[in-house]
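Letters go in sequence order (proteins before strands), and every chain restarts at 1.
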Protein chains: 2
Amino acid sequence: MKRKELKGWNGCPVRYAAGIFADKWCFVILRDVLLHGKRYYGEFQSSEEGISSNILAARLTHLEAEGMLTRHTDRRKKSRVFYLPTAKARALLPAFLEMMVWSTVHDSNTEAPPSFAAAFRDDPKGTVAWYEAEIDRVNATLT
Amino acid sequence: MKRKELKGWNGCPVRYAAGIFADKWCFVILRDVLLHGKRYYGEFQSSEEGISSNILAARLTHLEAEGMLTRHTDRRKKSRVFYLPTAKARALLPAFLEMMVWSTVHDSNTEAPPSFAAAFRDDPKGTVAWYEAEIDRVNATLT
DNA sequence: AATATTCACTTGCAAAATAAAAGTGAAAGG
DNA sequence: CCTTTCACTTTTATTTTGCAAGTGAATATT
């Protein structure tokens, strides 16, 4: 890995990521869909951060346009709508988990149990796999 | 790792991270300071994304307040100011590198060389160490 | 069948944040 | 001195956000 490689690319992977999810509400929505099993519009709305309805709608549209979520209507109750994380969104899990480990270390008021950072450090791939399995489990109840 | 652990903490590590850097301009500034060796106000200002001067000042103040940067005046030329990334900021490297790998996979126009994702997957710790060393090298020219 | 309720959004408006451009003031150079 | 550099500020126009109140389709209730 030589110097040249560092110089060659002027910041774009970070800028690409920034354009898709570098926003408080996108962070919260992605957390809810990837880590908290939330799928329905109303579930996102009721997260404790209290996102406004218009902003939530705008962000869901944005994330759908960026290929992070797919929108579906519940087949037994057409007035209900749910959003599923795409493979692209799920592929963010490693980055999110790293961020979360960082938060647990640097936020003195973290609510994450110490076991989380330990488990991730111990077996990052296994931890990602566990969250992936949870996502599949939740999805299975909807399709 | 049981179900209970997932349920216990309602989203806070992500929210903490969101409060500190979930913003386009914070992403860019952190990229520049962690990955591109930028330290001076004028260097941040001249990044190709074109951040406005008032916004840049606001973000630098914010990142300093959050313990991500420290502000210093150049001792040989007092009109020059530079910002150094703290250990807290540097500890974000793994998360940033994971994000960048994600971008190289999902952005068809990525400017990152394929060797980057390969190198990171091959030896994540070594890759982080390499960037840490670059940060130290740049810092050494300033202190 | 008529009415109420749930649900996923929209709308309207005030307040806050942002962008662009010009300005300021200290410090260094000539 | 006089000019330039540098790190911000200020100003003003525009955009985005947040809140509260709708809206309309689909279900549940009477």
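For B:Ile51 and C:dA20, the CD1 to C1' distance is 13 Å, given to the nearest whole Å. In this structure, A:His72 atom NE2 and C:dC9 atom P are separated by 13 Å, rounded to whole Å. If you take CD of B:Glu49 and C1' of C:dA20, they are 17 Å apart, rounded to a whole angstrom. Atom-to-atom, CD of A:Gln45 to C1' of D:dA20 comes out at 12 Å; the value is rounded to the nearest Å. Atom CD of A:Glu64 is separated from atom C1' of C:dC9 by 13 Å (rounded to the nearest Å). Taking atom NZ of residue B:Lys78 and atom P of nucleotide C:dA26, one finds them 14 Å apart after rounding to whole Å. When rounded to the nearest whole Å, the span between CG of B:Leu60 and P of D:dA7 equals 10 Å. Whole-Å rounding puts the A:Ile55 CD1 to C:dT10 C1' distance at 12 Å.
The side chain of A:Arg59 places no N or O atom within less than 4.0 Å of a non-bridging phosphate oxygen (OP1 or OP2) of C:dC9.
Out of C:dC9, D:dT9, C:dA27, the shortest distance to the side chain of B:Ser53 is found at D:dT9. Listed nucleotides D:dG18, C:dA20, D:dT9 differ in distance to A:Ser52; the shortest reach to its side chain belongs to D:dG18. Among the nucleotides C:dT6, C:dC9, D:dC8, the one closest to any side-chain atom of A:Ala57 is C:dC9. Nearest to the side chain of B:Tyr41, among D:dT9, C:dC9, C:dA28, sits D:dT9. Checking D:dA7, D:dT9, D:dG18 against the side-chain heavy atoms of A:Trp25 singles out D:dG18 as nearest. Across C:dA20, D:dT17, C:dC9, the shortest atom-to-atom separation from the side chain of A:Asp23 is found for D:dT17. Nearest nucleotide to the B:Arg80 side chain, out of C:dA8, D:dC6, C:dA19: D:dC6. Taking every side-chain heavy atom of A:Asn54 into account, D:dC19 is the closest of D:dT5, D:dC19, D:dC8. Nearest nucleotide to the side chain of B:Tyr83, out of C:dC9, C:dA27, D:dC8: D:dC8.
Transitive grouping of hydrophobic side chains (ILVMFWY, heavy atoms separated by less than 4.5 Å) keeps B:Val28 and B:Phe82 in distinct clusters.
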Which pairs of donor and acceptor atoms, one on a side chain in residues 92-100 of chain A, lie under 3.5 Å apart (sequence neighbours left out)?
none

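At a threshold of 4.0 angstrom between heavy atoms, the contacts of A:Phe82 with the nucleic acid are absent.
A salt bridge links B:Glu49 to B:Arg31: at least one charged side-chain nitrogen sits closer than 4.0 Å to a carboxylate oxygen.
Comparing A:Gly50 and A:Asp74, the nucleotide of DNA chain D nearest to each residue sits closer to the 5' end for A:Gly50.
Considering only heavy atoms from C-beta on, B:Leu60 stays 4.5 Å or farther from B:Met68 through its side chain.
Annotation: cation-pi pair B:Arg80/B:Tyr40 present, NZ/CZ under 6.0 Å from the ring centroid and within 45° of its normal.
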